[in-house]
Amino acid sequence: MQDSYGRTVHYLRVSITDRCNLRCAYCRPAAAIEPANHPWVLSYEELLRLCGLFCSLGFDKFRLTGGEPLVRRDLVPFLSRLRARLPSASLALTTNGVLLARYAEALRLAGLDRVNVSLDSLDPVTFEEITGSKGIEAVLAGIGAALAQGFSALKLNVVVMRGVNHEEIPRFVERFAGSPVYVRFIEFMPFGINGWDRERVYPYASILRDLEARFTLTPRRRDGSGPSRDFDVEGAACRVGIISPLTRSFCEDCNRLRLTSDGKIRSCLFSEEDVDLRVLLRSGAGDEAILSAIGQAVASKPREHRLSADTTTPSHFTRTMRQVGG
Ligand code: SAM
């Protein structure tokens with residue numbers, strides 16, 4: 001589908017739960033948020049119907065996220081059914097990796113194509129400071145299991161925060177130099193009250209400078225849609241990418257919508273307006289009405305978000321990544 005600015009929107013990020021088994025400081029607001037009421041969370045039946053409708057509109061890439069998608073019961077059978085419903089779509093998952101070793105093989109067999117794993121530190125103490133968990137070994141085992149299953153282009157997401165983990169940037173490349181992964185460094189974004197402060201943003205230019213001080217990088221051609229600027233690393237199997245929503249926005253290429261776990265479409269990660277599909281689904285709406293609501297959400301995609309590294313009122317964005325679906 002084309003939006004009002006001529007962008008083709010064909011990628012849906014589907015949050016299947018807002019529950020999570022980690023408590024990452026940058027994702028959780030200072031005042032704990034309650035998970036969505038269980039009855040509000042879309043059932044797998046509802047998700048299958050919606051994904052089928054999105055597919056009929058030309059959406060061909062679906063990413064399951066959350067919260068932590070692997071904490072939702074019966075995810076693997078759901079994925080098998082989703083694969084059967086969408087035989088030629090790209091199906092991906094974003095996970096914190098804690099439970100990935102347990103599920104990697106079953107996910108592969110169910111038809112999952114791609115996995116992104118979040119890992120913000122290689123140091124157990126810093127990992128625990130950020131996530132509130134001692135689970136670093138489980139995450140590393142999950143990454144190993146995903147590689148063993150042959151998931152192509154495994155991506156590791158590292159949120160970089162000045163004074164917290166920015167000094168680890170080269171270490172990530174060294175650690176994964178022998179593996180066919182993309183290590184993607186992400187600028188720290190403001191959401192709700194998540195401890196964001198512009199002083200803690202470690203911008204694109206600094207990440208690139210730190211990488212170039214240690215490695216020889218060659219820019220890769222952009223595929224025209226992903227948010228990441230990617231580079232080959234001389235002598236390494238891994239690649240690196242930098243995602244810079246604050247200092248080098250990628251809105252002009254944005255191709256996505258987000259579906260929250262309680263059934264609302266967000267046309268931009270930072271917009272505060274939703275199109276509520278749950279109400280439609282549960283009031284017995286026919287396919288035409290739902291397709292029209294999806295069209296409305298695509299049409300309402302803003303040209304760009306209003307965020308920059310100079311943002312001073314981060315609490316303006318009241319929903320966290322965990323709620324919107326990262
Ligand atoms: N639980 C899964 C995970 O950890 O990957 C999926 C959900 S998580 C919200 C999705 C992604 O959003 C993660 O890579 C996480 O690091 C990123 N994220 C969350 N809050 C962020 C923030 N304030 N700035 C940048 N990235 C953030």
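Whatever order the structure lists ligands and atoms in, that order sets their numbers, starting from 1.
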Dump the intermediate steps for salt bridge (charged side-chain N to carboxylate O under 4.0 Å, His left out) on D113 and R83, then the final yes or no. CA-CA 10 Å; D113 296 307; R83 170 49 78 209; 2.7 Å; yes
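- Between T94 and ligand 1, a contact under 3.5 Å exists for no N or O pair.
- For the pair D232 and R239, the salt-bridge criterion is met [side-chain N within less than 4.0 Å of a carboxylate O].
- Partner of E68 under the side chain to side chain donor-acceptor pair (under 3.5 Å) criterion, out of N21, T94, T95, T17: T95 alone.
- Of the polar atoms of T65, none of the N or O atoms is found under 3.5 Å from an N or O of ligand 1, judged by distance alone.
- Scanning all heavy atoms of the two residues, the minimum distance from R49 to A285 falls at NH2-O, 2.9 Å.
- Within ligand 1, the atoms closer than 4.0 Å to a non-hydrogen atom of G67 are 1 (N), 2 (C), 6 (C), 7 (C), numbered from 1 in the order shown.
- With sequence neighbours excluded, the residues satisfying side chain to side chain donor-acceptor pair (under 3.5 Å) with R81 are E45.
- Ligand 1 places these atoms under 4.0 Å from at least one heavy atom of V159: 16 (O), 25 (C), 26 (N), 27 (C).
- Ring orientation note: the planes of F59 and F62 are tilted relative to one another, at an angle of 30° to 60°.
- Residue E68 has at least one N or O atom closer than 3.5 Å to an N or O atom of ligand 1.
- Counting heavy atoms closer than 4.0 Å to ligand 1, residue V117 contributes nothing at all.
- Each of the following atoms of ligand 1 lies closer than 4.0 Å to a heavy atom of N157: 14 (O).
- In terms of N/O distances under 3.5 Å, ligand 1 is approached by M189.
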